[in-house]
There are 2 protein chains.
Amino acid sequence: MADKKIPKATARRLPLYYRYLRFLHEAGKERVSSAKLSEAVKVDSATIRRDFSYFGALGKRGYGYDVEALMNFFSKTLNQDRLTNVALIGVGNLGQALLNYNFRRNNNIRISAGFDVKDDLIGTIHQGVPIYDINEMVDQLEMQQIDVAILTVPSEIAQEMADKLVKGGVRGIMNFTPIRVTVPKEVRVHNVDLTNELQTLIYFINYYQDFGQNTEPEEDDNPLNDLFYND
Amino acid sequence: MADKKIPKATARRLPLYYRYLRFLHEAGKERVSSAKLSEAVKVDSATIRRDFSYFGALGKRGYGYDVEALMNFFSKTLNQDRLTNVALIGVGNLGQALLNYNFRRNNNIRISAGFDVKDDLIGTIHQGVPIYDINEMVDQLEMQQIDVAILTVPSEIAQEMADKLVKGGVRGIMNFTPIRVTVPKEVRVHNVDLTNELQTLIYFINYYQDFGQNTEPEEDDNPLNDLFYND
DNA sequence: GAATTTTATTGAAATATTTAACAAATTTAA
DNA sequence: TTAAATTTGTTAAATATTTCAATAAAATTC
């Protein structure tokens with residue numbers, strides 16, 4: 001692995017590259033260029049080459065990239081060569097949808113334990129995943145050595161649950177609650193805030209009509225392309 | 001008021017500010033400082049002040065910001081002063097969870113129509129939302145003047161559905177499929193890729209910890225950079 | 001009412017990220 | 001075999017974003 005610092009923006013794109021490489025591999029493709037990749041993942045080809053270059057020279061000039069080799073490289077880089085167990089905290093509405101979602105299908109990630117407070121859920125098995133009492137959470141997390149959790153509980157108990165997760169040794173939290181939880185700096189939190197997403201989208205379509213991703217042939221110059229927000 | 005362009009990074013944080021202002025208002029608070037806000041939303045106070053300043057002088061020196069006034073300002077800015085109807089394309093696993101999710105509770109956003117191919121869904125009402133045949137989609141979108149859609153269909157038909165959405169006049173798409181759809185540049189797509197999220201999280205906890213980069217002040221992290229790839 | 005404190009605003013500096021440009025390596029075609 | 005075409009890797013430039021520092025205004029305290 002490269003000993004240079006990987007920019008966060010680059011890190012966030014890696015799964016995207018990885019997924020498309022898997023697709024190409026499955027389709028029997030042996031080589032791919034940054035230009036072709038760019039088309040599929042909608043990231044500028046210069047950015048792709050720049051991203052790859054942080055990891056060293058992965059391609060060949062005049063040739064492109066070897067699909068299988070690159071796929072394997074990213075598989076390792078993304079820890080997809082070993083199974084990652086994930087805990088689901090809160091088996092409610094969204095939680096159950098995520099259980100069904102089945103991350104494992106194309107990935108070495110699976111939800112291996114669920115936790116809830118509801119008596120009628122505790123002790124049951126959903127989609128093959130056992131649901132435990134939240135009181136057992138710290139113990140179970142330690143015992144099962146789980147270090148990633150998905151947090152889908154009511155806002156009111158989000159921080160409390162985050163504290164328990166930290167106590168249980170979890171190092172990464174995917175937080176679906178709108179609360180920005182406080183955790184020690186060595187624990188990583190990714191927030192997925194669906195309401196925020198929608199509001200931002202609505203804001204953008206009203207004020208930034210020009211910046212949508214465009215991959216279609218450029219129409220002629222649109223004065224809106226330099227629209228400024230005035231109010 | 002400022003006639004400067006609002007940075008996208010700023011725009012993405014607006015809903016976060018808005019939500020916390022609503023909370024403060026409900027709690028009867030009349031004023032708030034950028035420092036206090038910073039604590040709750042986990043964004044550096046300097047960034048908050050800078051963000052606000054793009055919209056003009058919203059606060060008072062030595063005092064802070066008037067909660068109600070600021071809340072109302074953002075309400076307008078985020079179009080929360082009028083109802084936004086959203087279409088749900090694909091009433092499956094995740095789709096139904098989103099129907100239950102009920103964006104409307106604290107927001108002027110509601111899913112007002114669902115679309116699917118399954119006969120047993122078509123014609124039914126879920127959470128008060130009528131489900132239509134996907135063949136009626138273009139017509140219904142036009143008739144109901146819906147301009148935002150949530151896309152939760154199987155990958156294979158993601159592009160096809162996106163095309164229909166565009167034809168129906170939709171200007172914003174929240175895309176839960178892993179496919180990066182191609183749309184005209186005036187249509188905005190926000191990608192929410194749950195598998196990507198998890199993989200990135202796993203990458204971060206493994207890679208960035210090994211390299212000791214977890215001491216950055218940003219550890220609580222700028223949550224809003226996590227989701228979007230299409231900028 | 002003067003002194004002190006708080007805190008927004010603003011411009012500038014520091015970081016981070018994306019895009020552009022192009023030499024070097026390789027492949028392909030003639 | 002050689003010339004043309006392709007495509008990477010990398011440096012530099014351009015953008016975008018965040019953070020810092022200086023200042024000024026308002027509010028509070030004494």
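Chain A is the first sequence line, chain B the second, and so forth, proteins listed ahead of strands; every chain is numbered from 1.
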> Are the aromatic ring centres of A:Phe74 and A:Phe52 under 6.0 angstrom apart?
Replying inline: yes

> In terms of side-chain heavy atoms of A:Arg13, which of C:dT17, C:dT18, D:dG9 is nearest?
Replying inline: C:dT18

>> Walk along nucleotides 21-30 of chain D from 5' to 3' and tag each nucleotide B, S or - by protein heavy-atom contact under 4.0 Å, base first, then sugar-phosphate.
In response: ---BBBSS--

> What nucleotide among C:dT17, D:dT19, C:dT19 has an atom nearest to a side-chain atom of A:Thr47?
Replying inline: C:dT19

> Tell me: CZ of A:Arg50 to P of D:dT11, nearest whole Å?
Replying inline: 8 Å

>> Rounded to whole Å, how long is the line connecting atom CG of A:Asp66 with atom C1' of D:dT8?
In response: 14 Å

> If you check every side-chain atom of A:Pro7, which of C:dT17, D:dT19, D:dA12 has the closest atom?
Replying inline: C:dT17

>> Tell me whether A:Asp81 is salt-bridged to A:Lys76, with the criterion being a basic N under 4.0 Å from an acidic carboxylate O.
In response: no

> Does OP1 or OP2 of D:dG9 have a side-chain N or O of A:Tyr65 closer than 4.0 Å?
Replying inline: yes

> Taking OP1 and OP2 of D:dT7, is either one under 4.0 Å from a side-chain nitrogen or oxygen of A:Ser34?
Replying inline: no

> In whole Å, what is the span from the CD1 atom of B:Ile48 to the P atom of C:dT7?
Replying inline: 13 Å

> Given the rule in the ring-ring contact (aromatic ring centres under 6.0 Å, His included) test, do B:Tyr18 and B:Tyr20 qualify, once you have shown the distances and angles that lead to the verdict?
Replying inline: CA-CA 5 Å; B:Tyr18 177 59; B:Tyr20 191 63; over 10 Å; no

